[in-house]
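Notes to accompany the following structure.
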Amino acid sequence: MERVILVRYTEIHLKGLNRPFFEQKLIENIRHALKGIPSRVEREQGRIYIVGIPESDFEDAIGRLKAVFGIHSISPAYAVDKDWETVTKTAFELMEKQVEKKPDLSFKVFARRSDKHYFMNSDGINRELGHLVLERFPSVHVDIHKPEVSLCVEIREKAYIYAEEIPCAKGMPVGSSGRATLLISGGIDSPVAGYFMAKRGIVLSAVHFYSYPYTSERARDKVVELTRLLSRFAGRIRLHLVPFTDIQMKIHEECPSKETTVIMRRLMMKIAQRIAESEGAKALITGEALGQVASQTLESLCTTDDAVTMPVLRPLIGFDKDDIMDWARKIGTYETSILPFEDCCTVFVPKHPVTKPEVADIRASEALVDFTELIEKAIENTEVLTVKYEDPKLI
Ligand code: ATP
Ligand code: MG
């Protein structure tokens with residue numbers, strides 16, 4: 001009796017003519033996620049099946065599939081010969097496991113028949129199998145509206161029988177929406193922001209600014225590790241590590257103290273945009289949420305937007321901090337994010353930053369200092385890593 005995994009993808013159905021492209025991307029991403037586990041990914045009539053997974057790798061495969069965007073849910077299923085005796089025997093085995101967990105469960109048989117030559121139609125299977133299950137397990141009852149267990153039988157080349165539906169990450173396959181560049185700090189928010197954009201099909205690259213020796217080697221490792229954790233969902237990520245000390249020193253020395261944070265953020269955006277352009281990214285992504293800190297008022301956001309021509313995507317803009325923290329826990333970045341290493345933003349923080357900067361004022365202050373050479377030097381000395389989830393854990 002072969003065990004397979006049946007993959008459901010919903011949103012892709014919305015895409016009309018693009019559908020084959022989306023499906024192809026999803027299949028590629030599934031293959032990538034299952035690398036190292038013997039398996040075959042097959043497509044049949046709007047469904048994806050993964051076959052040939054050794055029993056010992058089954059749980060691992062399920063865990064990996066849960067992180068693939070574009071998958072709505074999966075069901076571990078038995079693929080068996082479709083003679084009626086085998087179908088009922090397999091259905092009983094599945095029900096037995098469920099009844100062990102809850103003897104008085106409610107259930108419904110849900111049959112689908114793509115093989116129109118099969119000797120019974122779906123209504124017939126529903127009725128007949130429902131009847132046999134009731135006979136075999138007298139403690140259960142039928143609920144056709146809200147069953148606790150849906151015993152599903154699909155008659156195709158083979159019979160696919162399953163009773164469990166495992167919810168997955170949903171969203172769109174990574175690679176179906178183009179590329180954008182995430183400004184990643186060592187904090188809680190930016191990895192979550194990256195997660196949400198990858199969930200909409202974006203391929204991520206990432207930029208991190210560090211201020212060695214004011215920020216430590218450990219702070220750098222922390223960002224590489226966060227990027228690695230994010231790549232579990234987003235696929236491999238090119239990470240640009242930009243040396244930012246000279247620029248920060250210059251801002252600190254030459255700009256009005258209350259404007260240093262805003263100007264620093266504008267320079268980060270400018271450099272990030274240059275890097276984004278160099279690799280065909282169409283937008284920048286940050287972890288900002290409206291009102292969270294002084295540099296995230298609407299006025300401040302307008303001032304940072306003004307520094308670049310690319311759209312700045314802020315998927316967390318309407319989130320409360322505790323909801324962002326819940327997501328960080330859910331996607332596994334929280335514990336790393338809270339490790340106490342300095343971020344370059346927390347070095348040289350002014351005592352009284354402007355909370356409502358005027359774009360014109362900030363432009364004027366910035367124009368008094370020539371950053372051109374420092375920007376070029378920072379880009380020149382940027383280190384680029386390709387980070388993937390299979391890499392060893394860093395911290
Ligand atoms: P996070 O938790 O993501 O650090 P935050 O609430 O601490 O966010 P800020 O430190 O003001 O907020 O940063 C806002 C956003 O700016 C971050 O979400 C990130 O996108 C970007 N950012 C901040 N610091 C850096 C950095 N050192 N390198 C790259 N991007 C950064
Ligand atoms: Mg931060």
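None of these values were measured; they are calculated from a predicted model. As the structure lists them, so they are numbered: ligands from 1, and atoms in each ligand from 1. Just so you know, residue 1 is the first one in the sequence shown, and it goes up from there.
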Proximal ligand 1 atoms for Ser190, defined as those under 4.0 Å from one of its heavy atoms: 1 (P), 3 (O), 18 (O), 19 (C), 20 (O)
Looking only at non-hydrogen atoms, the one of Ser185, Ser211, Ala272 nearest atom 25 (C) of ligand 1 is Ser185
With no hydrogens and no angle check, do the side chains of Ser106 and Glu148 hold a donor and an acceptor under 3.5 Å apart? yes
Report, in ascending order of atom number, the atoms of ligand 1 lying under 4.0 Å from any heavy atom of Thr286. 20 (O)
Establish, from distance only, whether the side-chain atoms of Glu279 and Ser205 form a donor-acceptor pair under 3.5 Å. yes
Indicate every side-chain donor-acceptor pair of residues 316-328 with a distance under 3.5 Å to a residue at least two apart or in another chain.
{"residue": "Lys321", "atom": "NZ", "partner": "Asp189", "partner atom": "OD1", "Å": "2.9"}
{"residue": "Lys321", "atom": "NZ", "partner": "Asp189", "partner atom": "OD2", "Å": "3.1"}
{"residue": "Asp326", "atom": "OD1", "partner": "Arg329", "partner atom": "NH1", "Å": "3.1"}

Ligand 1 atoms in contact with Gly187 (distance to a heavy atom under 4.0 Å): 1 (P), 2 (O), 4 (O)
Hey, does Pro191 come in under 3.5 Å of ligand 1, counting only N/O atoms on both sides? no
With heavy atoms only and a cut-off of under 4.0 Å, state how Ser295 meets ligand 1: side chain, backbone, both or neither. side chain
For His208, take its heavy atoms, then give the atoms of ligand 1 lying under 4.0 Å from any of them. 26 (C), 27 (N), 28 (N), 29 (C)
Begin with the C-alpha distance, continue with both residues' side-chain angles, and end with the deciding distance and a verdict on side chain to side chain donor-acceptor pair (under 3.5 Å) for Ser122 and Arg113. CA-CA 6 Å; Ser122 10; Arg113 183 187 63 149; 5.1 Å; no
Taking the side chain as everything from C-beta on, heavy atoms only, tell me whether Thr304 gets closer than 4.5 Å to Val312. no
Any idea which atoms of ligand 1 are less than 4.0 Å away from a heavy-atom of Ile188? 2 (O)
Among Arg265, Lys321, Met264, Met325, closest by any non-hydrogen atom to atom 15 (C) of ligand 1: Arg265
Gly287 heavy atoms, cut-off 4.0 Å: which ligand 1 atoms fall inside? 17 (C), 18 (O), 20 (O)
Decide whether an N or O pair under 3.5 Å exists between Leu183 and ligand 1. yes
Passes side chain to side chain donor-acceptor pair (under 3.5 Å), Thr297 versus Thr355? Steps please. CA-CA 7 Å; Thr297 61; Thr355 53; over 6 Å; no
Aromatic ring proximity Phe22/Tyr9, centre distance under 6.0 Å: no
List ligand 1 atoms under 4.0 Å from Gln296, heavy atoms only on the residue side. 6 (O), 9 (P), 11 (O), 12 (O), 14 (C)
Nearest heavy atom to atom 26 (C) of ligand 1 wins, so pick from Glu288, Met268, Met269. Met268
Checking the N or O distance criterion of under 3.5 Å, is ligand 1 in contact with Ile184? yes
Steps toward side chain to side chain donor-acceptor pair (under 3.5 Å) verdict (Tyr49, Arg156): CA-CA 12 Å; Tyr49 294 91; Arg156 297 171 182 248; 2.9 Å; yes
Quick check, are the ring centers of Tyr195 and Phe69 under 6.0 angstrom apart? yes
Taking the minimum heavy-atom distance to atom 8 (O) of ligand 1, which of Thr261, Asp189, Leu226 ranks first? Asp189
State, with a plain yes or no, whether a side-chain heavy atom of Lys89 is found less than 4.5 Å away from one of Met1. no
If you measure from each non-hydrogen atom of Val207 to ligand 1, which part falls under 4.0 Å: side chain, backbone, both or neither? backbone
